[in-house]
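Let me begin by presenting the structure, written as structure tokens, before commenting on it.
By convention in this document, chain letters (A, B, ...) are assigned in the order of the sequence lines, proteins followed by strands, and residues within each chain are numbered from 1.
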Amino acid sequence: MHLMYFTEQPMSAYPEQAGRDFGATALMFSNKHFDPVAGSRLYHEYLEHYRLAEEVGFDGIMLNEHHNAPFCMQAKCNVFASILAAMTSRVKIVLLGNPLPLADNPVRLAEELAMIDMVSRGRLVSGFVRGGGQEQLAAGVNPAYNRERFEEAHALITKAWTTPGPFRWEGTHYQHRVVNPWAVPLQKPHPRVWIPGVLSKETIIWAARQRYPYIALSTEIEATKRIWQLYDKTAAEVGYEGGPEYRGYLQRLHVAETEEKALANARQFMWMQGEFTGLAHPVWSSPSGYFSPSNRTAFVEFAVGRRSNPRAAALEDQLRDQQIIAGTPKTVIPKLRRLLEETRPSILGFWAADGFVSNADTKTCIRLLGTEVLPALREMGKELGLWSPFEANAPVGINFPEPARPAGAAV
Amino acid sequence: MSASPIAWQSGTVAVAGTTVNVARGGSGAPVLVLHHDIGSPAALPFYDALARQFTVIRPSHPGYDGSARPDWMRGVRDIAVVYQGLLAEDSATRGRSDVSVVGLGFGGWIAAEMATMTPRAFRRLVLVGAMGIKPERGEIADQALVSYLEYVQAGFADTAAFERVYGAQPPTSMLEQWDLNREMTFRIAWKPYMYNPTLPHLLGAVAAPALVVWGRQDRIVPLECGERYAKLLPRARLELVDGAGHLVDMENPDVLAPLVTRFLSEA
């Protein structure tokens, strides 16, 4: 198994009433409400949590990226990846992920990621995402070309990593006269790429066709099984067998010394009201051209208030469905076992806390996870045959059928 | 206004490797009418009024209102070129020197681009609330941040006018079409948003007399853009319509139609 620690890095120190009064807490909610003194303090708390996560035995630290919103202070995942590359020594640094369409220069991303890979001594997992609708608006990039930009940037970055330069790239959305970065990844053929997502069929199919593990983000168990059915079917079409080493899952999981404490802290997963990405006008999170055409009818009705958000669910429902698990180690372990048995992922990310969960409670959660939950999961993983891509020495992608290896001896 | 119905005909025209839906009605000198970025209802009193004195040719822009979407299109000038091709081939307009263009909002931007390409070709030009020029003091309203309903409603000075045209509860199919139209707008006019920085430099050669009309309550494109169009086009004048927002043709056809038909008929 590969067990990761995750936090959205919530900017919890903003005036909640101001957000309610404004009616939105994403994209347009003024950053005059962002207090950098609190921001600085919070960043240091999150760094402390990452250090602790490595100390107690997590295999990886998962990072993400969002813009213009209190629910996530990671405006650039490569920044924290760089910090962790120097600050940690054992954990994988798992970016889930760089929003490729936001980049007007994918070659620069290829350079940064190569630097991170070298400084971390080959611990980078370089996930890529399309980026949420709001991210496109925040970055000024065209949502109508989101998928095209994603696919072209991915092609350009992986080429920059694997084809010696200089070469020229005259693409549809990107044109570069000289691609020749003097920063080349340590891991060969290139750092692993994992693709996070929710329910978008196109993304699942794309990941499977690339032979990249897909990380399902807190989807409900039955929906998750359908994701793996689609992934495995696509894998078979492309010529390989799907299974645990291609499956990841992000689980909201808070562990405390008492059930009451755990449940009280679990409420904080609902901190950003509405969708987990905060209150926002629907057309901000799904600008025209961004979402799958198959969702258009439902979406346009939702956008003018004629239909409720199909994705939000109450806390009680999420606890019942195990999209949120909260309790003592004793009560959460059987629930995690159910997740493993029913959906068979080898990669698990634990989103341990959100909102106003205290620094002390977050650290307690991390310690309890490390000392009691992770060891139990590893035993279960062995028993159920859930070998991670690292343990299985899985190929890095469809174009590189051999197992991955570092460029030289690890120092 | 007279109640005599116009017999409109719909068809498709093949041009530049794509097909464009075109509605035609009326008789007389040909007038190309170019619709707003939100698309257009199939019928409007304004179109009927024009058709009583002119042959109205009203295409649905490529990618809008059911016209095929050409994936290769990247800018508003591409639509202008497609329409130049349409006019050059169409039996109603081919080889004629009395073709006029009426551009509504986004359609006005297209019309202005067309005029810069063939500066002596058109008899007269009408721009109503036209996008295309960057305002110096204000901003063109950004549709990306508001819902389809809010954007269309913002085009009217009076909610009652919106309801007259679209009903109080536009059906889902209308919302879907607005989304599709908005998607095409993003594909070709994402940034710079709703203007072409080179256009002001090209308008000075346009020979046709031009009428620039602006709704006094236009909340989408600032009046200063109309003022600039009227200054940059060498033979232009500006008219304001009270009680009208951006969608002057839909909100106040009783004032706009006579203004436009009189202008188009002038010797």
Side-chain angles (χ1 to χ4, degrees), chain A residues 22-24 26-30 67-69 101-102 104 132-149 151-152 171-175 279-307 309-310, chain B residues 37-39 61-66 68-76 78-79 106 139-154 159 162-163 166-195:
Chain A
F22 182 69
L27 191 66
M28 296 292 283
F29 181 52
S30 174
H67 298 267
N68 291 34
L102 305 192
D104 277 335
Q134 283 155 203
E135 327 301 344
Q136 320 304 314
L137 293 167
V141 296
N142 196 333
Y145 297 116
N146 179 269
R147 266 191 209 285
E148 288 181 20
R149 287 172 67 92
E151 292 182 18
E152 188 177 332
T172 304
H173 298 289
Y174 304 108
Q175 295 86 27
L279 276 177
H281 196 303
V283 298
W284 301 350
S285 52
S286 293
S288 297
Y290 171 80
F291 54 76
S292 307
S294 53
N295 290 338
R296 194 185 307 273
T297 307
F299 176 73
V300 295
E301 292 180 346
F302 167 53
V304 302
R306 288 183 196 169
R307 209 194 262 222
N309 181 0
Chain B
D37 56 342
I38 58 172
H61 309 326
Y64 292 77
D65 284 353
R69 183 216 280 177
D71 284 338
W72 52 263
M73 226 173 230
R74 283 295 186 265
V76 168
D78 294 333
I79 300 186
F106 181 72
E139 310 268 20
I140 299 174
D142 181 14
Q143 63 185 279
L145 300 179
V146 298
S147 80
Y148 323 103
L149 269 182
E150 284 163 348
Y151 183 62
V152 176
Q153 284 164 345
T159 326
F162 165 80
E163 293 188 2
Y166 289 106
Q169 295 281 331
T172 299
S173 55
M174 184 74 256
L175 301 176
E176 286 177 320
Q177 192 57 60
W178 280 333
D179 181 59
L180 283 160
N181 292 349
R182 180 181 281 195
E183 186 176 328
M184 189 62 189
T185 300
F186 286 173
R187 288 182 74 90
I188 59 174
W190 176 254
K191 59 184 182 185
Y193 181 65
M194 285 302 185
Y195 64 89

Separation between CZ (R74(B)) and OH (Y145(A)), nearest 0.5 Å, reads 3.5 Å
Would you say E163(B) has more than 12 foreign heavy atoms packed within less than 6.0 Å of its CD? yes
Measure the CD-CG distance between E183(B) and N142(A) for me, rounded to the nearest 0.5 Å. 9.5 Å
Closest heavy-atom pair and its distance - A144(A), F186(B): CB-CB, 4.2 Å
Is any side-chain heavy atom of T297(A) closer than 4.5 Å to a side-chain heavy atom of T172(B)? yes
Chain A shares the most heavy-atom pairs under 4.5 Å, among D179(B), T185(B), L149(B), V146(B), with D179(B)
CE (M28(A)) and CG (L145(B)) are apart, to the nearest 0.5 Å, by 5.0 Å
Can you spot which of Q143(B), R182(B), R187(B), M184(B) makes a side chain to side chain contact (heavy atoms under 4.5 Å, CB included) with S288(A)? R182(B)
Which bit of P170(B) is near chain A, if near means a heavy-atom gap under 4.5 Å: side chain, backbone, both or neither? both
Tightest non-hydrogen contact, residues A144(B) and V283(A), listed as O-CG2, 3.8 Å
Value rounded to 0.5 Å, distance of CZ in R296(A) from CG in L175(B): 12.0 Å
Residue Y290(A) versus chain B: region with a heavy atom under 4.5 Å: neither
Over all heavy atoms of both residues, which pair between A303(A) and Y148(B) is shortest? Give the atoms and the distance, please. CB-CE1, 3.9 Å
Does H281(A) form a side chain to side chain contact (heavy atoms under 4.5 Å, CB included) with E150(B)? I'd like the steps, not just the answer. CA-CA 12 Å; H281(A) 196 303; E150(B) 284 163 348; 3.3 Å; yes
Rounding to 0.5 Å, atoms CG (L137(A)) and CG (D142(B)) come to a distance of 8.0 Å
Using only atom types and a distance under 3.5 Å, with no angle test, would you say the side chain of W178(B) pairs donor to acceptor with the backbone of V300(A)? no
